[in-house]
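Here the structure is laid out as structure tokens; the discussion comes afterwards.
Every number for a ligand or one of its atoms is a count from 1 in the order of the listing. No experiment lies behind these values; they were computed from the predicted model shown.
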Amino acid sequence: MNVDLLIYNIGQLILPRFCSTPLKGDQLGQLLIKENAAFAVKDGLISWLGNSDEIHNFIAIKKIDAKKKVVSPGLVDPHTHLVYGGSREQELALKQAGVPYLEILANGGGILSTVEATRNTPEGKLIEKARKHLETMISFGVTTLEAKSGYGLDRDTELKQLRVVKKLNELYPISIVSTFLGPHAIPLTYRGKEERFLQKMTSLLDDINTEKLAEYVDIFCETGVFTIEQSHKFLLEAKRKGFGLKIHADEIDPLGGAELAANLGATSADHLVAISDEGIKRLSDTNTVAVLLPGTTFYLGKDQYAPARKMIEAGAAVALATDFNPGSCVTENMQLIMSLAALKLKMSPEEIWNAVTINSAWAIGQEAESGVLDVGRKADFVIWNIPNYQYLPYHFGVNHAASVYCGGKLIWNESRILSD
Ligand code: NIG
Ligand code: FE
């Protein structure tokens, strides 16, 4: 049989399972590991998957000896704030002095300082900057991700951010799911006029639809930002207009964001550090994915992490993401998130691999395209320099990716560093 690519001698092939719903409870801890595996790629899709001893039937344009390494689906990062101007290193000192995240924001810093920088950065420069972050993500094994707007808070800048995401999608073979996060903070000029600001952001939905600039909407539901009632109103209107729903929920205070997400049939509820028992129960009754962001808790210097074990045991579908952004989690490294999930969320290696592949694909509606390696699926995969799948979360803070493939094509290779 003629194929484009044959990859063989795989020590462990990580095979997350595709079910009709995101993986929940015990299912999250079940991961199929195929030893001495091989697979073939034709026209960007996996055309055969089996044992390394069976490859003599194939004539391949290119053959890769995986040398007993571990191979997994490309990682899926379902929550990033990829596109923004400037940076906020000056906030580190404030954080060290113990100034709370929401206080920095209330004083016009935090998100609002990035808004200022993003408004002042031309589209071309935003693209250039986002490309660097995106390429770093890819180098850590990501082949599908989500990217939010939310650093414009006005019509032109929000649309500018979303157009940057669209452009990046054209420039790279990887898939980027776009989310409109207009209600991310209240601009200083709208203090006391929150309803008017929300109306203004809601009025952008038609333009975003017409230009096909986003599949999802999101809102920061938090004390001092948007209330549960305001979040409900905005999300309901977006749902009516055909958008998928996401919500920054119960990050600092338990306002009931998880319950709202479950009630509205949101695709995901994200953060959930302060989720209530009722919120956990409501999420478990639905397919709304709980996207946990342990990098953010770590970076904000907090001790209390999202109650992942409680959520998994209750039957909620859990996924993991970086939350890459210039304020509360400045890292593109999904592998670091996997280590934090092991150390701080007490998740097992099997749960972690499922949470960064198939469940994170579910969290952005990409379950039919990403997160699983199987015949007929897009050949997005990573070859890892690790002896077994348990090793990755254990050895933290470095890059274990040897090479990253998207649609059967090499898009990043560690040796690039040496040959450049
Ligand atoms: O997910 N919580 C709100 N938004 C981002 C932080 C954005 C920022 O600080 O710039 C988050 O953590
Ligand atoms: Fe976020």
Exercise for the section: Tell me, yes or no, whether the heavy-atom count around Phe298 atom CZ, taken from other residues, nucleotides or ligands under 6.0 Å, exceeds 12. Expected result: no
Problem - Salt-bridge contact Glu369-Arg377 (side-chain N to carboxylate O under 4.0 Å) - result: no
Exercise for the section: For atom 12 (O) of ligand 1, grab the closest protein heavy atom and report residue, atom and distance to one decimal in Å. Expected result: Ser328 OG, 2.5 Å
Problem - Distance-only polar pair, side chains of Asp270 and His248, donor-acceptor under 3.5 Å - result: no
Practice task
Assess the side chains of Tyr151 and Glu158: does a donor N or O sit below 3.5 Å from an acceptor N or O?
Solution key: no
Practice task
Please work out whether any backbone atom (N, CA, C, O) or any side-chain heavy atom from C-beta onward of Glu222 is under 4.0 Å from ligand 1, and answer side chain, backbone, both or neither.
Solution key: neither
Exercise for the section: Could you find the nearest protein heavy atom to atom 10 (O) of ligand 1 and give me its residue, atom name and distance? Expected result: Tyr151 OH, 2.6 Å
Practice task
Work out whether the distance between some heavy atom of Thr114 and some atom of ligand 1 is less than 4.0 Å.
Solution key: no
Practice task
Please report which non-hydrogen protein atom sits nearest to atom 11 (C) of ligand 1, along with the residue it belongs to and the distance in Å to one decimal place.
Solution key: Asp323 OD2, 3.2 Å
Exercise for the section: Among all protein heavy atoms, pick the one closest to atom 4 (N) of ligand 1 and tell me residue, atom and distance. Expected result: His184 NE2, 2.8 Å
Practice task
Return the residue, atom name and 0.1 Å-rounded distance of the protein heavy atom closest to atom 6 (C) of ligand 1.
Solution key: Tyr101 OH, 2.9 Å
Problem - Per-atom contacts, ligand 1 versus His79 - under 4.0 Å to a heavy atom - result: 1 (O)
Exercise for the section: Verify whether one side chain among Ser72 and Trp353 offers a donor that lies under 3.5 Å from an acceptor in the other. Expected result: no
Fill in the blank from the handout: Taken by chain and residue number, the protein N/O/S atoms under 2.8 Å from the Fe ion (ligand 2) read His79 NE2, His81 NE2, His248 NE2, Asp323 OD1
Practice task
Just jot down the ligand 1 atoms closer than 4.0 angstrom to any heavy atom of Arg88, in number order.
Solution key: 8 (C), 9 (O), 10 (O)
Handout entry: Pair Asp250-His271, side-chain donor/acceptor within less than 3.5 Å
Key = no
Completion exercise
By side chain to side chain donor-acceptor pair (under 3.5 Å), Gln12 pairs with (sequence neighbours left out) Glu35
Completion exercise
For Gly327, the atoms of ligand 1 under 4.0 Å from one of its heavy atoms are 9 (O), 10 (O)
Exercise for the section: Using distance alone, with no hydrogens and no angle criterion, decide if Asn9 and Lys67 have a side-chain donor and acceptor under 3.5 Å apart. Expected result: no
Exercise for the section: Would you kindly say whether Ser276 and Glu278 are connected by a side-chain donor-acceptor distance under 3.5 Å? Expected result: no
Practice task
Establish, from distance only, whether the side-chain atoms of Glu350 and Tyr389 form a donor-acceptor pair under 3.5 Å.
Solution key: yes
Practice task
May I ask you to check whether Thr296 has an N/O atom sitting below 3.5 Å from an N/O atom of ligand 1?
Solution key: no
Practice task
Using a strict 4.0 Å cut-off to heavy atoms of Glu251, name the atoms of ligand 1 that fall inside it.
Solution key: 2 (N)
Handout entry: Residue pair Lys69 / Asn385, side-chain donor-acceptor N/O under 3.5 Å
Key = yes
Practice task
Considering only NZ, NE, NH1 and NH2 on the basic side and carboxylate oxygens on the acidic side, decide whether Arg119 and Asp154 come within less than 4.0 Å.
Solution key: yes
